[in-house]
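Here the structure is a predicted model, which is why all the values come from computation and not from measurement. The figures that follow rest on heavy atoms only: side chains count, while hydrogens, waters and symmetry mates do not.
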Amino acid sequence: SEMCIRDRSEYYLADSTKMGSHQLVYDESDRLLKKEFYDNRNRLLETIEYIFDTERSELVTVIRDPKGGILHREVRKR
């Protein structure tokens, strides 16, 4: 399946100092796969992944640290 970065946003203070950014990654069906959050030097801070389990009608949300370690995992029935 194809992944596509479609939306990238950067955050600035009033004095134009860059605070950070995020980007949204979608699959070919326009489903949001993950959000990636970066600091002002474009270093990855955190990733939120969305895993759709259609067989079980579940949405699994996984929050990861910069090294890929799981900080939080939540399963929600759809």
Side-chain angles (χ1 to χ4, degrees):
S1 74
E2 287 280 308
M3 286 200 309
C4 170
I5 297 169
R6 182 114 24 80
D7 196 5
R8 187 173 185 98
S9 299
E10 296 187 337
Y11 312 111
Y12 294 89
L13 292 176
D15 68 1
S16 298
T17 303
K18 184 176 178 183
M19 291 299 296
S21 63
H22 79 262
Q23 66 183 19
L24 306 180
V25 180
Y26 296 86
D27 68 9
E28 69 275 2
S29 303
D30 278 345
R31 277 197 303 210
L32 181 61
L33 296 178
K34 62 182 173 178
K35 297 177 191 170
E36 297 172 330
F37 296 89
Y38 297 86
D39 69 10
N40 61 353
R41 294 187 179 155
N42 289 326
R43 289 180 299 214
L44 184 62
L45 294 173
E46 184 178 271
T47 302
I48 303 175
E49 298 174 8
Y50 302 96
I51 303 158
F52 299 92
D53 186 335
T54 48
E55 255 177 49
R56 292 185 174 152
S57 292
E58 290 176 347
L59 170 62
V60 182
T61 304
V62 179
I63 302 176
R64 295 184 183 274
D65 66 21
K67 294 183 175 157
I70 295 176
L71 299 173
H72 179 76
R73 185 174 184 276
E74 180 182 322
V75 180
R76 204 177 297 156
K77 286 280 182 197
R78 293 187 53 96

Out of curiosity, [X] [atom1] to [Y] [atom2], how far, rounded to the nearest 0.5 Å?
X: D30; Y: C4; atom1: CG; atom2: SG; value: 8.0 Å
X: T61; Y: K35; atom1: OG1; atom2: NZ; value: 9.0 Å
X: L13; Y: D15; atom1: CG; atom2: CG; value: 5.5 Å
X: T47; Y: R64; atom1: OG1; atom2: CZ; value: 8.0 Å
X: I48; Y: L71; atom1: CD1; atom2: CG; value: 10.0 Å

Y11 meets the ring-ring contact (aromatic ring centres under 6.0 Å, His included) criterion, sequence neighbours left out, with H22
Can you see which heavy atom on [X] is nearest to which on [Y], and at what distance?
X: Y38; Y: Q23; answer: OH-NE2, 3.6 Å
X: N42; Y: S21; answer: OD1-OG, 3.8 Å
X: N40; Y: K18; answer: CB-O, 3.0 Å
X: Y50; Y: L32; answer: CB-O, 3.5 Å

Those residues at least two apart in sequence (or on a different chain) that pass side chain to side chain donor-acceptor pair (under 3.5 Å) with R43 are D39
Tell me whether [X] shares a hydrophobic cluster with [Y], the cluster being built from Ile, Leu, Val, Met, Phe, Trp, Tyr side chains joined at under 4.5 Å.
X: V62; Y: F37; value: no
X: I70; Y: V75; value: yes
X: L24; Y: V60; value: no
X: I63; Y: F52; value: yes

Applying salt bridge (Lys or Arg N to Asp or Glu O under 4.0 Å) to R31 and not counting sequence neighbours gives D27
> Just by modelled atom types, is the R56 backbone N or O under 3.5 Å from a matching donor or acceptor in the K77 side chain?
Replying inline: yes
